[in-house]
2 protein chains.
Amino acid sequence: MTRSDKGRRTIRDVADAAGVSIATASNALNGIGRTKAETVEKVRRVAEEIGFRPNALARGLLKRRSHAIGMITNDTYGRLTLPMVAGVSEALVDHGVSVFLCATNNDPRLARLHLESLLDRQVDGIIFTATRLDMRPPPEFAKLPIPVVYAFAEGPEESVTFHPDDAQGARLAVEHLQGLGRQRILHITGPEEYRAARIRADAYRALTGDGASVVFGEWTEEWGREAVAQMLSSGHALPDAIFCGSDEIARGVIDALRDNAISIPDDIAIAGFDNWEIVAKQTRPPLTTVDMELKALGRRAGLAIHRLCNGESVEPGTTRLPCSLIVRKSSQSDPR
Amino acid sequence: MTRSDKGRRTIRDVADAAGVSIATASNALNGIGRTKAETVEKVRRVAEEIGFRPNALARGLLKRRSHAIGMITNDTYGRLTLPMVAGVSEALVDHGVSVFLCATNNDPRLARLHLESLLDRQVDGIIFTATRLDMRPPPEFAKLPIPVVYAFAEGPEESVTFHPDDAQGARLAVEHLQGLGRQRILHITGPEEYRAARIRADAYRALTGDGASVVFGEWTEEWGREAVAQMLSSGHALPDAIFCGSDEIARGVIDALRDNAISIPDDIAIAGFDNWEIVAKQTRPPLTTVDMELKALGRRAGLAIHRLCNGESVEPGTTRLPCSLIVRKSSQSDPR
DNA sequence: CTTCTATGATAAAACCTTTTAGCAGAAATA
DNA sequence: TATTTCTGCTAAAAGGTTTTATCATAGAAG
């Protein structure tokens, strides 16, 4: 009945209840030291009985490992961030690592505030995430005393960075369209200053050669509609496929083609980029699109930061993770 | 030069550098105890100089306050969760409170795992969030030793809970349509087993009286299109306005009406629910819709948990926070 | 000159855990 | 018998902070 009422059980309670010293209790629970088998058994049983759970703060203080990491993102409404957080969390929960999520709202003051708070909390590492591949972290990330991993964001030279493989993803889409016999493929995409847009466009050009035709614009549905309008009024021969730089653009394209009674996929096949299901599944017809596998990206980033926190090494530089192609009816009337 | 090289500065370093005891240093930094003004000044200057920042683990261990909270959500792709997290985080960052985000993926095992981990980390409180208002937390939430706040989720009797005011939001939309002179308003919404759908429908019925007509279905665009098809084939007189239970449904409705050359808003005015901007701004015409103010909801939940963690009291029960109406062209040809 | 009070500072305990170093007793070796 | 080795356990230190109780010193009051 010692100190049984206030607060949580401590290892002292376990030791008392089992009639051993604190040190023995600790050793038994952690399975280290020279402890008789039956003592171990007894301590563990007692600990279980009284519901002992070690205080992570005390442990962290001593071991200099908090088993927590911070995740800093600039995205507050994000369909991009949350899948990654879920992936990170999923990869780490089994290792007993928890994740502080810090939304910076693109405010550098807030970013600094969060960063300091994370350091005060002795996080073992930090994952920096953004909504643009070429978004750079604030300068104070330059020399941090703990490892940093960049996911879907641009890190400094020689940092550990994970990006979706935009080029491979674009090839997946274009080759798919070509495999269906399409010859004249148009590429409608977002602003040229986005690195992702440029990479995808380059990959597209490499496959389509002379026939390549790229129009840069916005990441919006409206731009998709407008681009179609331009295409129709130009008087040129129509393409037999359109590869869109995002699902939103694709949605605009599909709607505009529908309005003009152009059949999808018979007259023009469409492919998008993002596999943002809530959009891609609801277009008419449903959209063939490239999935960036953001959750898997998050898992990889989580694993990487975990290795780094354990002092293990991770290949530095930018790792590009493969995208996958989700085939729906906008490209094939009857996909197997 | 004492222990100047390894790891972070500790309060001991500050004390040494300022030529005072640890106790005095602590007192000076925290502004308590009887300390001479110039001593305070000196200690603070020195601390600043050597870049001292207190170790949150040590402090938390002693004060039994981690100044961290946990947020548990079942939503991984969440347009609902992230705005709330952002709101919570925004409300708490100035109080020095950080947020552990735990995504449970609807897996009770994972939920339990996360919960235990949070308790081990001595979080001061927990916010439970879900993607359905009537989603109940796992049973182990019943008697937790720390305060819990429910946001966009159903808590046990007498718990502190925040919901959007669905009824008021629905009234906002319906009254807006009525204010425009619309008499025959139809309500197309999601599944009847969702509490939110029922509440919104009831509020709608209360305002439309005999003319009320509700069709329950799915939360999808496709259902919106199908509902319009049913409406058209029924042979009844067309409504002059449709209040949709979600923006996705509204989008389907708008597309289907367009396909049938029914003019929006002249023939039929449309209002949605969610203000999911990426959808609502891109419909043709852009969608008038109800905003649930999720970020504000998050802020309120954050503030509430903070008060509770400080031992202050918070009105128990369900607090319904007002929604706002965003007027766009789907209801008014020319909104002022 | 003694006793009190105020002032400013500090040693030490506390929070909870892990780990090092060491202790006593038994068994094995010389 | 005397020494070494092994076994099982434990006291104490460490981690970084806050707080309590105590201690000098100096000035004020008696």
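Letters A, B, ... are given to chains in the order of the sequence lines, protein chains preceding strands, and every chain is numbered from 1.
A distance of 11.0 Å separates OG in A:Ser324 from CE in A:Met292, rounded to the nearest 0.5 Å.
Using a 4.0 Å heavy-atom distance criterion, A:Thr35 is classed as a sugar-phosphate-only contact. Note on B:Leu57: nothing from the nucleic acid sits closer than 4.0 angstrom, heavy atoms only. Counting non-hydrogen atoms under 4.0 angstrom, B:Arg59 reaches the backbone sugars and phosphates but no base.
The side chain of A:Arg34 lies closest to C:dG22, out of D:dT10, C:dG22, C:dT17. Of the listed nucleotides (D:dG15, D:dC9, C:dA9), D:dG15 has the atom at the smallest distance from the side chain of A:Leu62. Picking from D:dT19, C:dC16, D:dG8 the nucleotide with the shortest atom distance to the side chain of B:Arg64 gives C:dC16. Distances from the side chain of A:Asn27 to the nucleotides D:dG16, C:dT19, C:dT10 place C:dT19 closest. Taking the side chain of B:Asn55 as heavy atoms from C-beta on, and the options C:dT17, D:dG16, C:dT10, the nearest nucleotide is D:dG16. Of the listed nucleotides (C:dT17, D:dT17, D:dT19), C:dT17 has the atom at the smallest distance from the side chain of A:Thr10. Comparing D:dT7, D:dG16, C:dA11 by their nearest atom to the side chain of B:Ser21 picks out C:dA11. Of the candidate nucleotides C:dG8, D:dG15, D:dT18, D:dT18 has the atom nearest to the side chain of B:Lys63.
The phosphate of C:dA9 (OP1 or OP2) has a side-chain N or O of B:Thr39 nearer than 4.0 angstrom. For C:dT17, the OP1/OP2 oxygens have no side-chain nitrogen or oxygen of A:Ser26 closer than 4.0 Å.
For the pair B:Arg44 and B:Glu48, the salt-bridge criterion is not met [side-chain N within less than 4.0 Å of a carboxylate O]. Between B:Asp16 and B:Arg9 there is no salt bridge, since none of the side-chain N atoms of the basic residue sits less than 4.0 Å from a carboxylate O of the acidic one. With salt bridges taken as basic N to acidic carboxylate O contacts below 4.0 Å, one links A:Arg45 and A:Glu49.
In this structure, the CZ atom of A:Arg65 is 15 Å from the C1' atom of C:dT18, given to the nearest Å. A:His67 has its NE2 atom 13 Å from the C1' atom of C:dT17, to the nearest Å. Whole-Å rounding puts the B:Lys42 NZ to C:dA9 P distance at 10 Å. Atom-to-atom, CZ of B:Arg9 to C1' of D:dG15 comes out at 17 Å; the value is rounded to the nearest Å. Atom CG of A:Asp120 and atom P of D:dG16 are 14 Å apart (whole Å). When the P atom of D:dT10 is taken as reference, atom CZ of A:Arg12 falls 13 Å away, rounded to whole Å. Following rounding to the nearest Å, A:Gln122 (CD) and C:dC16 (P) show an atom-to-atom distance of 19 Å. Remark: P of C:dA9 and CD1 of B:Ile11 are 15 Å apart, rounded to the nearest angstrom.
Positionally, the nearest nucleotide of DNA chain D for A:Ile22 lies more toward the 5' end than for the other of A:Ile22 and B:Phe52.
One side chain, A:Ser98 or B:Arg121, offers a donor N or O that lies under 3.5 Å from an acceptor on the other.
Ring geometry, A:Tyr150 versus A:Phe141: the interplanar angle falls from 30° to 60°, so the pair is classed tilted.
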